[in-house]
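One structure is given below, encoded as C-alpha cells.
Starting from 1, each residue takes its place in the sequence as its number.
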Amino acid sequence: MIIVTNSPEALRAAMVDHIKAAGHATNPTVERAMRTVPRHDFVPEASIDDAYADIAVITKSASDGSALSCASAPIIVAMMLDQLQVKPGNRILEIGAGTGYNAALLAQLTGPGGSVTTVDIDPEVTAGARRGLDATGNEHVEVITCNGSLGGPENAPYDRIIFTVGAWDLTPAFWEQLAPDGRLVVPLRWRGQTRSVAFVRDGDALVSDSMELCGFVPMIGQEGERSGAIDADGLVTLYWDGDQAIDAAKLSGVLDQPKEAVWSEVLVGPQEPFDGIWLRLTAHDSRICRISADRAAVDAGLCTPAIPARSPALAEDGSLAYLVFRKIQEGRFELGAIGNGPYGGHLAGQLCEAIEAWNQDRSAKPTVRAYLSNASTSAISFDPAMSHEVIEKTASRLVVSMC
C-alpha cells in the first residue's frame with residue numbers, strides 16, 4: 001500500500017501539531033476548527049506545501065512589492081483565536097476579509113447559532129473571500145465591501161470583534177458595535193511596535209487581558225505614525241507616533257557623532273525573546289520609538305541595532321540610544337545600548353536600566369486601557385501606584401500602565 005504523506009489532510013494535521021507544540025491552539029475548539037477547515041482551498045494559487053507551512057501567503061501585492069492582502073501565518077491565526085475566546089452562538093465581526101479562511105474558522109467556532117460578518121475595503125479581496133467561503137460550504141458568512149474603520153453596522157452589536165489587519169487607531173464604531181462585556185482582538189500599533197491585544201469591554205473602556213507580539217499588513221487610511229531618516233544616505237529611519245516630541249531633523253547626522261556603548265550584564269540565549277523591554281518602556285517613557293537600519297548601515301558600522309529592521313530606541317532632541325547585543329560566549333548574548341549625540345551615553349544608560357528592570361520579571365506585561373479621545377478625564381482610570389503613559393491617537397486614547 002502506498003501512503004501519501006503530503007496529502008492536504010496529513011499536512012493540515014502536521015500544521016496543527018506544530019502550532020500546538022509552539023503553545024497555541026490551547027482552546028480545544030480552536031484546535032478542532034484548524035484541523036477541520038481546509039486552508040489550501042482559500043489559497044488556491046499556493047502550493048499545497050505552502051498552504052500548510054507556517055508562513056503568511058501573500059495574495060495581493062502593491063506595485064512596489066509590499067503586501068496588500070495575505071493569509072496570515074497559521075500560528076498567528078491560532079494565537080489570535082485563542083485570545084478571542086469565541087463561544088457558541090456569538091455574533092462575530094472580522095475586520096479584514098483576507099482569503100476568507102479566518103472567517104471560516106470563526107464560523108466553525110460560533111456554530112450554527114451564531115453569525116460571522118467579515119468586511120474589507122478592497123472589492124477584489126472581498127470577491128476572493130466570497131469565492132473561498134462558498135467553495136467550502138460557508139455561504140452563511142456575510143462578506144461586505146466597506147471601510148473597516150466603520151465596522152459592520154448592518155449586523156451590530158457583536159459579542160466578538162477581531163482585526164486581521166494592523167490598526168494604528170480605534171474608531172468610535174468599535175465602541176458603538178461591541179456588546180457589553182464583549183471581546184475585541186486587534187493587532188494594535190503604538191510606539192513603533194505591534195501587539196495583538198485582547199481587550200474586554202468595561203463600560204466606556206476597553207481593557208487588555210493579553211497581548212502578543214505580531215506583525216500585520218497595515219489598515220488603509222490610518223496615517224498616525226511618523227517617520228524620518230536620520231543619516232544623509234537615508235539608510236537609518238526612526239518611526240514614532242504623532243503625539244511624541246520627536247523631530248528627525250534635530251537628529252540628522254547624530255550617528256556621525258561619537259558613540260558610547262553601555263552594557264547591562266543581562267544575558268539572553270539565541271531563542272529567548274527580549275521584545276518585552278520595548279513593550280514595558282511604552283508604559284514608562286514618552287521617548288520610546290522604533291529604529292530601522294538597512295544592511296548597508298549595519299555592515300558599515302554606522303548603526304547596529306539588535307534587530308536591524310525593528311529595535312527600540314530613545315530619542316531626545318539631538319541625542320539617540322538604541323538596543324544592541326554582543327556575543328559573550330557560545331549561545332549567550334549580552335544586551336546593551338549604544339548612544340550617539342550630546343546625551344547619548346545618558347540615554348543608553350537609561351535603556352540599560354529598562355533592560356535590567358525587564359530582567360527582574362521577564363513575563364510581566366503592562367495593562368492597556370483604550371478610550372475614545374473625547375472621553376472625559378474623570379472617566380479615565382489607572383492605578384496611581386503604577387507608572388503610566390497616555391498615548392493620544394486620532395480617535396482614541398491609550399493608557400499604558402505598569403508597576
Side-chain angles (χ1 to χ4, degrees), residues 168-169 188-194 218 222-264 275 277-325 335-355 357-358 373 387-394 396-400:
W168 182 83
D169 199 3
L188 188 61
R189 191 169 186 82
W190 73 96
R191 301 307 189 237
Q193 44 98 63
T194 303
Q222 296 193 340
E223 310 299 336
E225 188 173 69
R226 309 286 186 259
S227 65
I230 58 173
D231 69 305
D233 296 320
L235 299 176
V236 182
T237 304
L238 286 187
Y239 298 84
W240 68 95
D241 290 327
D243 68 326
Q244 291 180 278
I246 294 176
D247 185 347
K250 290 183 178 180
L251 290 160
S252 179
V254 68
L255 298 171
D256 297 322
Q257 299 181 35
K259 66 176 64 175
E260 181 176 345
V262 181
W263 297 99
S264 68
D275 57 276
I277 300 165
W278 194 344
L279 176 60
R280 292 167 62 107
L281 271 167
T282 69
H284 294 287
D285 202 315
S286 62
R287 303 165 300 176
I288 187 71
C289 58
R290 169 189 164 203
I291 193 168
S292 176
D294 286 2
R295 177 52 56 187
V298 175
D299 291 344
L302 177 67
C303 184
T304 56
I307 300 174
R310 56 183 188 283
S311 287
L314 295 178
E316 185 174 11
D317 294 325
S319 298
L320 174 75
Y322 56 88
L323 187 72
V324 296
F325 62 73
L335 298 175
I338 286 179
N340 295 82
Y343 305 105
H346 177 66
L347 292 178
Q350 291 182 312
L351 194 45
C352 280
E353 290 175 5
I355 294 169
W358 164 79
S373 59
S387 173
H388 73 278
E389 283 290 323
V390 178
I391 298 172
E392 299 286 355
K393 294 181 175 284
T394 303
S396 65
R397 173 183 295 138
L398 304 183
V399 180
V400 187

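Distance SG/C289 to OH/Y239: 11.5 Å, rounded to 0.5 Å. The CZ atom of R290 sits 5.0 Å away from atom OG of S292, with the distance rounded to the nearest 0.5 Å. Distance check: E392 CD to D169 CG gives 10.5 Å after rounding to the nearest 0.5 Å. Here CD1 of I391 is found 7.5 Å from CD of Q244. Values are rounded to the nearest 0.5 Å. Put simply, CD1 on I291 and CD1 on I230 are 4.5 Å apart, with the number rounded to the nearest 0.5 Å. Annotation: the span from H284 atom NE2 to Q350 atom CD amounts to 13.0 Å, rounded to 0.5 Å.
No side-chain N or O of S373 forms a donor-acceptor pair with one of R397 less than 3.5 Å apart.
Side chain of N340 to main chain of Q257: a donor-acceptor pair is present (N/O by atom type, distance under 3.5 Å, no hydrogens or angles). E260 places no side-chain N or O within donor-acceptor distance of the main-chain N or O of H346, the cut-off being under 3.5 Å. Listed for the T282 side chain is a donor-acceptor partner under 3.5 Å among the backbone atoms of L279.
Residue pairs meeting the salt bridge (Lys or Arg N to Asp or Glu O under 4.0 Å) criterion with at least one partner in residues 300-320, sequence neighbours excluded, are R287-E316.
Counting heavy atoms from C-beta outward, T194 and L188 have side chains that stay 4.5 Å or more apart. Side-chain contact between L320 and I338: absent, with no pair of heavy atoms (C-beta onward) separated by less than 4.5 Å.
Pairing each heavy atom of L351 with each of Y322, the nearest pair is CD2-C, 3.6 Å. For S227 against T237, the heavy-atom pair with the smallest separation is CB-CG2, 4.1 Å. Shown here for A306 and S311, the closest heavy-atom pair between the two residues is N-OG, 3.5 Å. In plain terms, the two heavy atoms of G345 and V262 that are nearest each other are O-CG2, 4.1 Å. Nearest heavy-atom pair across A248 and A229 is CB-O, 4.2 Å. Heavy atoms only, all atoms of each residue included: I355 and S264 are closest at CG2-OG, 3.6 Å.
A cation-pi geometry, defined here as NZ or CZ lying under 6.0 Å from the six-membered ring centre and within 45° of its normal, holds between K393 and W168.
Each of D231, L235, D299 was compared with D294 under the side-chain contact (heavy atoms from CB on, under 4.5 Å) criterion, and only L235 meets it. Checking D241, L281, V400 one by one against R191, the side-chain contact (heavy atoms from CB on, under 4.5 Å) holds for a single residue, D241.
For R280 and D285, the salt-bridge test fails: no basic side-chain N is under 4.0 Å from an acidic carboxylate O.
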What's the verdict on side-chain contact (heavy atoms from CB on, under 4.5 Å) for W358 and L335, showing C-alpha distance, side-chain angles and the deciding distance? CA-CA 11 Å; W358 164 79; L335 298 175; 3.8 Å; yes
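Annotation: side chain to side chain contact (heavy atoms under 4.5 Å, CB included) contacts of S319 (sequence neighbours excluded): P342, Y343, L347.
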